[in-house]
Amino acid sequence: MILRSLQIVILVLGILSPASESLRFELQSGQTKCIAEDIKSNSMTVGKYHVVNPNEGHPLPESHKLTVRVTSSHGNSFHSAEKMETGQFAFTASEEGDYMACFWAPDHSPPVTMTVDFDWRTGVHAKDWSNVAKKGQVDVMELELKKMYDTVTSIQEEMYYLRAREEEMQELNQATTSKMFWMSFLSLFLCLSVAGLQFWHLKTFFEKKKLI
């Protein structure tokens, strides 16, 4: 119960906290970098990426191109783009698990190192609330209520998810305990059987030798 309560507290803090800033990383030509994100089924996710121009005010060099693939843990592809300077993807996860966003830079001589900005958001943070406010022409209070409603809904879904995982763990523990009981019973039965056979064998041996 303590562990479950701690998980829920961490989950609530994570959801209520502001969305994380975009990730910036370096990628050398001829190499691949993959980033994983654990996404629940039916959760919306959006991602944006672009190569940082090393020379402001000048066109981006032709060597600074990316090939991007987004796949699920089951190997299904959700985004694919080649020789991109900038791009984005958005989809609703059809399956639960780790999703991988892999960035590959083609070989170049001499080798070059490019800087990539990547912003990946899921769940509540995947929604563009500024666009919601503009399209719906709602006031600030309505906008905040919409945010709170979606946050509470997300927390409720996470709690149901944790409860289901807890039930799965309990069933697994019960099954493991049952198997261990029967294994212990079988081991005890085998040990007693071997001991009985040894006693019978020694008794027969001594009787043949007329020692008893």
Applying side chain to side chain contact (heavy atoms under 4.5 Å, CB included), run through I39 and W120 and close with a yes or a no. CA-CA 11 Å; I39 304 177; W120 197 356; 4.1 Å; yes

Please table the atom pairs, donor to acceptor, closer than 3.5 Å between any side-chain atom in residues 175-186 and protein atoms at least two apart or in another chain.
from	atom 1	to	atom 2	distance (Å)
T176	OG1	L172	O	2.8
T177	OG1	N173	O	2.8
S184	OG	M180	O	2.8

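- The side chain to side chain contact (heavy atoms under 4.5 Å, CB included) check on S193 picks up F189, with sequence neighbours excluded.
- Residues forming a side chain to side chain contact (heavy atoms under 4.5 Å, CB included) with S73 (at least two apart in sequence, or on another chain): none.
- In this structure K40 satisfies the salt bridge (Lys or Arg N to Asp or Glu O under 4.0 Å) test together with E157, E158, sequence neighbours excluded.
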One pair to check against side chain to side chain contact (heavy atoms under 4.5 Å, CB included): L23 and D119. What are the steps and the verdict? CA-CA 6 Å; L23 174 67; D119 188 7; over 6 Å; no

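- Taking the salt bridge (Lys or Arg N to Asp or Glu O under 4.0 Å) definition, one finds that E167 meets it with nothing, sequence neighbours left out.
- When the shell of 6.0 Å around NE2 of H74 is examined, it contains more than 12 heavy atoms from other residues, nucleotides or ligands.
- Taking 4.5 Å as the limit, every side-chain heavy atom of S29 sits out of range of all side-chain heavy atoms of S109.
- Looking at heavy atoms from C-beta onward, S63 lies in side-chain contact with V112 at the 4.5 angstrom threshold.
- Taking all atoms of both residues into account, the shortest heavy-atom contact from L60 to N53 is CD1-CA, 3.5 Å.
- One finds the CZ atom of F78 at 10.5 Å from the OG1 atom of T45 (value rounded to the nearest 0.5 Å).
- Put simply, the side chain of T115 never gets that close to the backbone of V52: no donor and acceptor are under 3.5 Å apart.
- The two residues V46 and A90 have their closest heavy-atom pair at CG1-CB, 3.6 Å.
- Expressed to the nearest 0.5 Å, how far CG of L27 lies from OG1 of T32 amounts to 7.5 Å.
- The side chain to side chain donor-acceptor pair (under 3.5 Å) contacts involving residues 92-101 comprise S72-E95, N76-E95, E96-Y161, where partners must be two or more places apart or lie in separate chains.
- Using a 4.5 Å cut-off between side-chain heavy atoms of Ile, Leu, Val, Met, Phe, Trp and Tyr, with links allowed through other members, Y49 and W104 fall into different hydrophobic clusters.
- Among residues at least two apart or in separate chains, ring pair (Phe, Tyr, Trp, His ring centres under 6.0 Å) pairs with a member in residues 24-46 are F25-F103.
- For the atom pair CZ of F118 and NZ of K48, the computed distance is 12.0 Å after rounding to the nearest 0.5 Å.
- Note: E62 CD to H64 NE2 = 11.0 Å, rounded to the nearest 0.5 Å.
- Other members of the cluster containing L192 are L188, with ILVMFWY side chains joined at under 4.5 Å, either directly or via other members.
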Take D117 and R24 through the test salt bridge (charged side-chain N to carboxylate O under 4.0 Å, His left out) and record every step on the way to the result. CA-CA 4 Å; D117 268 343; R24 174 170 288 194; 2.8 Å; yes

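- Scanning both residues, T67 and K83, for their nearest heavy atoms gives OG1-N, 3.8 Å.
- Applying the side-chain hydrogen bond (donor to acceptor under 3.5 Å, both in side chains) rule to S80 yields the partners R69; only residues at least two apart in sequence or on another chain are considered.
- Not counting sequence neighbours, the partners of E85 by the salt bridge (Lys or Arg N to Asp or Glu O under 4.0 Å) test are K65.
- Put simply, CD on E37 and CE on M100 are 11.5 Å apart, with the number rounded to the nearest 0.5 Å.
- Take D107 and apply the salt bridge (Lys or Arg N to Asp or Glu O under 4.0 Å) test, not counting sequence neighbours, and it matches no residue.
- By the side chain to side chain contact (heavy atoms under 4.5 Å, CB included) test, V152 is found to be paired with no residue, residues two or more places apart in sequence or in another chain being considered.
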Go through the steps to decide whether E171 and Q174 satisfy the test side-chain hydrogen bond (donor to acceptor under 3.5 Å, both in side chains), and finish with yes or no. CA-CA 5 Å; E171 292 176 359; Q174 291 175 357; over 6 Å; no

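- If you take CE on M84 and NE2 on H50, they are separated by 13.0 Å, rounding to the nearest 0.5 Å.
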